[in-house]
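Just so you know, ligand 1 is whichever comes first in the structure, and atom 1 is the first atom listed for that ligand. Side chains are part of it too, since the values below use all heavy atoms of this structure and drop only hydrogens, waters and symmetry mates. Quick caveat: nothing in here was measured; it's all calculated off a predicted structure.
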Amino acid sequence: MSERRDTFRADSLLTPQAGIDDPFAAAVHATRMSMIIADAQAPDMPIVFANDAFLALSGYPRDEILGRNCRFLQGPDTDPEAARRLAQAVADGAPVNVDILNYSKDGKPFWNALQISPVHNAEGLLVYFIGSQIDVTARKNAENRLVQDREGLVSVATEQARAAEQAVAERTALLHEVDHRVKNNLQLISSLLVLQTRRTEDQQTRVALQSMLSRVSAIATVHRRLFQSRDLERFDVAAFVRDLVGDVSLSRDEVEVDLDLQSIEIAAAQAAPLALAVNELLDNALSHGLAEGRAGRLGVRVQRQNGHYVIEICDDGPGLPPCGRFAPGFGLTIVGLLAQQLRAELRFESVNPGVRAILELPVNA
Ligand SMILES: Nc1ncnc2c1ncn2[C@@H]1O[C@H](COP(=O)(O)OP(=O)(O)O)[C@@H](O)[C@H]1O
Ligand SMILES: [Mg+2]
C-alpha cells in the first residue's frame, strides 16, 4: 500500500501535515473547488480525502465522509440513469462528467456538476479517483424553468391550434347544415310550384307558374355552385351560365348554341340577382326569339371588358316589337330592378335578325 502511494503526489494530501512543505497540497486543501479522492484499490472505493470546500458543499464533517463511498450523496430524486453512468465509468476506470442531483447533510438537494478522473501510478495501476464538484443548482433551476416555460408555451400554442381547428370544424359542420336546409327548402318550393302548375287549367297562370319554377331553379343552381366551390365568397358567372345553357341544349336540340365564356368571378352577394337576370334574358331569347320548334341560334358571351363584366345573350329571332307596341312584362321589369341593384346597365340591340340583350356591370360594384 505505502509503496503504491510513494508514486503519487496525492499521498502528501493524506498526511496530517499536508500543505506544510507542499504548495500543491496546500492549494488542494484551500481551493474553493470542492475535491475528494477515493481509493480505487480498497473495497467499494472509500473516500480517503475531502477538502474543506467539499465539507462546505455537502455539509458533512470530515469524519462522516472519510471511509464511505461517495454514492451516499445521492437521494430519492437522483436520476438513476446519471447514477448508472457514474457507476459504469468508475467500474471501467474511465473519466466521466455528469450533472447529478445530490443531497447535503441537512437533506437539501443540490445539482452537482461532478467530474471524476482516474489516477494511475507509474506501473499503470489504477490507484485513485479524483472527484471535483461544482454546485450548479442555480444554472440547473434556470434551465428547468426555461424548459417548463417552453413546455408551457408549447402547450398553450397546441391548445390554441386545437381550438382553432375545432372552430373551423364547427363552422364547416354548420355550413353543411345550412346548405342542406336551403337545398331542401328550395326543393320544397319547386315541388309546390310543379304541383300547382299541374292542377292549373288556365294557360296564362301555368306559364306564370312555370316562370316562377325556372326562377327558383336558377336560385337553386346559384346556391349549389356557391356551396360546391371551395370559395364561398366568389361566384363563377361563366360556370353558372354553362349550367343554365346546358339545360337548354338538353330540352331544345333544334337550337344551335354558341358559347363564348370567359371565367369571371363576382362577389357571392351579387350571384343570385345576376343569375336571376341572366335566367330571365335567356328565357326571353328562347321563348320570344327562338319560339318553340323554331330552329335558330343562341349566342351567349361572358367577358371582362374595360372595367366591366359584360354578359350578352343573343338570338336570331324576330327582334323586339316596335317601340309603340313594346311593353315590358314581369320578366323585364324584374331584370330592370335587379340591374339597378347590381348597378348594372341593361340595353338591347337589334342584330337583324334578332336581339342582343347586354348586361354590363362594373367590376368593383
Ligand atoms: N329576345 C326577344 N325577342 C323578341 N321579343 C322579346 C325578346 N325579349 C323580350 N321580348 C319582348 O318583350 C316582352 C316583355 O318581356 P318580358 O318582360 O320578359 O315578359 P314576358 O317574357 O313574360 O312576355 C315580351 O313579351 C316580348 O314581346
Ligand atoms: Mg320573359
Enumerated ligand 1 atoms positioned under 4.0 Å from heavy atoms of [X]:
X	result
Pro321	27 (O)
Gly319	4 (C), 5 (N)
Asp315	1 (N), 2 (C)
Gly289	3 (N)

Around atom CD of Glu233, are there more than 12 heavy atoms of other residues, nucleotides or ligands at under 6.0 Å?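 Count not over threshold, so no.
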
Which option, Gln204, Glu280, His288, owns the non-hydrogen atom nearest atom 25 (O) of ligand 1?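 When every heavy atom of Gln204, Glu280, His288 is considered, His288 comes closest to atom 25 (O) of ligand 1.
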
Of the choices Leu320, Asn284, Leu290, which has the non-hydrogen atom that lies closest to atom 10 (N) of ligand 1?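 The option holding the nearest heavy atom is Leu320.
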
In the protein, which heavy atom is nearest to atom 12 (O) of ligand 1, and how far is it?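 So the nearest neighbour among protein heavy atoms is Phe326 CE1, 3.2 Å.
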
Taking both backbone and side-chain atoms of Gly329, is any N or O found less than 3.5 Å from an N or O belonging to ligand 1?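 Yes, there is a polar N/O contact under 3.5 Å.
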
Looking only at distances, can you tell me whether any N or O atom of Leu332, backbone or side chain, sits closer than 3.5 Å to an N or O atom of ligand 1?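 Yes.
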
Is the centre of the Tyr103 ring less than 6.0 Å from the centre of the Phe110 ring?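 Not close enough - the centres of the two rings lie 6.0 Å or further apart.
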
Side-chain donor-acceptor pair under 3.5 Å between Asp106 and Ser104, yes or no?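 There is such a pair (donor and acceptor under 3.5 Å, judged by atom type) between the side chains of Asp106 and Ser104.
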
Between Phe235 and Phe240, how do the two ring planes meet: parallel, tilted or perpendicular, split at 30° and 60°?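 Tilted: the ring planes of Phe235 and Phe240 meet at 30° to 60°.
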
Would you call Phe348 a ligand 1 contact, heavy-atom distance under 4.0 Å?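 It does not, in that no heavy atom of Phe348 comes within the 4.0 Å cut-off of ligand 1.
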
Is there a side-chain contact between Asn279 and Leu244, using heavy atoms and a 4.5 Å cut-off?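 In short, these two side chains touch, coming nearer than 4.5 Å.
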
